[in-house]
Amino acid sequence: MSRSVLVTGGNRGIGLAIARSFASAGDAVTVTYRSGDPPEGLGSVRCDVTDGSSVEAAFEQVEKEQGPVEVLIANAGITRDTLLLRMSEQDFTDVIDTNLTGAYRVAKRALRKMLRAHSGRIVFISSVVGLLGSAGQVNYAASKAGLVGMARSLAREVGSRSITANIVAPGFVESDLTADLSAERRDQILSEIPLGRYASADEVAGVVRWVASAEAAYVTGAVIPVDGGLGMGH
Ligand code: NDP
């Protein structure tokens, strides 16, 4: 059965792989994009998750074109890495506003219709560093850890309506976000990953699609790592 899927930040990277994965399974998929061109072959809507009215307008368009959102993937995210003593308050609040408050904005908007439908799937894309911590990423790790508390609280609020809220926590994934790392830092990271390589975006997408599937109907409030073993034990 085709579902109405919305992926935020789905014009590139992990979000695009997630969107293509749902589309290839026959779902109706829209991605949000903020800058650049929308990807071909998918529904698209311009949206900035830091702006509530932009989020509202995006949902209205999606509802008109493919019906109320039944599967929401809150994927949009940014980094502003630097050590805490050098981190401006703007660097901190920008990352929280996009990664955490942005996820709150889209989840809250999607939930209205999911509650009425007595079904829905919400998946938040967190990160291994949310629970492990990461020097130079106080803002980012805080935002990604915040998603865990948010998903678990939401899971408790809406479980009785057959709506699930889960976290997928990727480790290091080949994408624009990790392309900026120095060769030295890259080698250091690889030496700490039991599987000895980065993930492909498709490997993250497969897990996201599973947790949003009927097979995972009894999984909620879970933090599912896709990190090659990097975060084991946290
Ligand atoms: P990219 O930088 O490749 O893509 C980020 C996406 O988020 C882009 O589509 C971007 O849009 C969008 N975005 C950023 N800010 C906003 C905003 N204010 N409103 C709407 N959209 C926005 O990142 P990845 O694909 O690597 O990461 C995707 C998610 O996965 C992020 O949440 C990231 O934190 C998480 N993650 C990534 C890992 C990795 O190794 N890459 C590891 C663990 C987690 P635009 O094109 O307009 O900039």
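We count ligands from 1, going down the list as the structure has it; atoms in each ligand are counted the same way.
For the side-chain hydrogen bond (donor to acceptor under 3.5 Å, both in side chains) test, residues two or more places apart in sequence or in another chain that qualify with Arg185 are Gln188. A search for side-chain hydrogen bond (donor to acceptor under 3.5 Å, both in side chains) contacts involving Arg186 returns Glu174, not counting sequence neighbours.
Residue Thr98 has at least one heavy-atom neighbour below 4.0 Å for each of these atoms of ligand 1: 15 (N), 16 (C), 18 (N). In summary, the atoms of ligand 1 found under 4.0 Å from a heavy atom of Ser175, numbered by their order in the structure, are 24 (P), 26 (O), 41 (N). Near Cys47, with a cut-off below 4.0 Å to any heavy atom, the atoms of ligand 1 are 19 (N), 20 (C). Those atoms of ligand 1 with a heavy atom of Ser35 less than 4.0 angstrom away are 45 (P), 46 (O), 47 (O), 48 (O).
Ligand 1 has no nitrogen or oxygen under 3.5 angstrom from a nitrogen or oxygen of Val128. Here's the thing with Asn11: one of its N/O atoms is less than 3.5 angstrom from an N/O atom of ligand 1. Residue-to-ligand polar distances place Arg34 within reach of ligand 1: an N/O pair is separated by less than 3.5 Å. For Ser127, no nitrogen or oxygen atom sits less than 3.5 Å from a nitrogen or oxygen atom of ligand 1, counting backbone and side chain alike. The shortest N/O to N/O separation between Gly9 and ligand 1 falls below 3.5 Å.
Residue contacts with ligand 1 do not include Gly102, since none of its heavy atoms lies under 4.0 Å from the ligand. Contact analysis puts Gly171 in contact with ligand 1, with a non-hydrogen atom separation below 4.0 angstrom. Residue contact check for ligand 1: Tyr198 places no non-hydrogen atom closer than 4.0 Å to it. Contact analysis puts Ser126 in contact with ligand 1, with a non-hydrogen atom separation below 4.0 angstrom. Using a 4.0 Å heavy-atom cutoff, Lys144 is listed among the residues neighbouring ligand 1. Residue contacts with ligand 1: Ile78 is included, with a non-hydrogen atom under 4.0 Å away. In this structure, Phe172 has a heavy atom closer than 4.0 Å to ligand 1.
Remark: Asp27 engages Arg3 in a salt bridge, criterion side-chain N to carboxylate O under 4.0 Å. Asp202 has no carboxylate O lying under 4.0 Å from a charged side-chain N of Arg209, or vice versa, which leaves the two without a salt bridge. A salt bridge links Glu203 with Arg197: at least one charged nitrogen is closer than 4.0 Å to a carboxylate oxygen.
Among Gly13, Ala201, Gly77, the residue whose heavy atom sits closest to atom 5 (C) of ligand 1 is Gly77. Among Asp94, Thr50, Asn75, the residue whose heavy atom sits closest to atom 29 (C) of ligand 1 is Asn75.
Counting heavy atoms closer than 4.0 Å to ligand 1, residue Ala169 contributes nothing at all.
Here the closest heavy-atom approach between residue Arg20 and residue Pro39 is recorded as NH2-CB, 4.0 Å. Across Ala155 and Gly221, no two heavy atoms sit closer than the pair CB-N, 3.8 Å. Pairing each heavy atom of Asp91 with each of Val95, the nearest pair is O-CG2, 3.4 Å.
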Self-check item: Pair Met150-Leu147, side-chain contact (heavy atoms from CB on, under 4.5 Å): steps then yes or no
Solution: CA-CA 5 Å; Met150 189 158 84; Leu147 288 175; 3.8 Å; yes
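Heavy atoms from other residues, nucleotides or ligands lying under 6.0 Å from CG of Asp187 number more than 12.
Glu65 and Thr30 are not linked by any side-chain donor-acceptor pair at a separation below 3.5 angstrom, with hydrogens and angles left out of the test.
Checked against Val29 for a side-chain contact (heavy atoms from CB on, under 4.5 Å), the options Leu6, Ile18, Val5 give a single hit: Val5.
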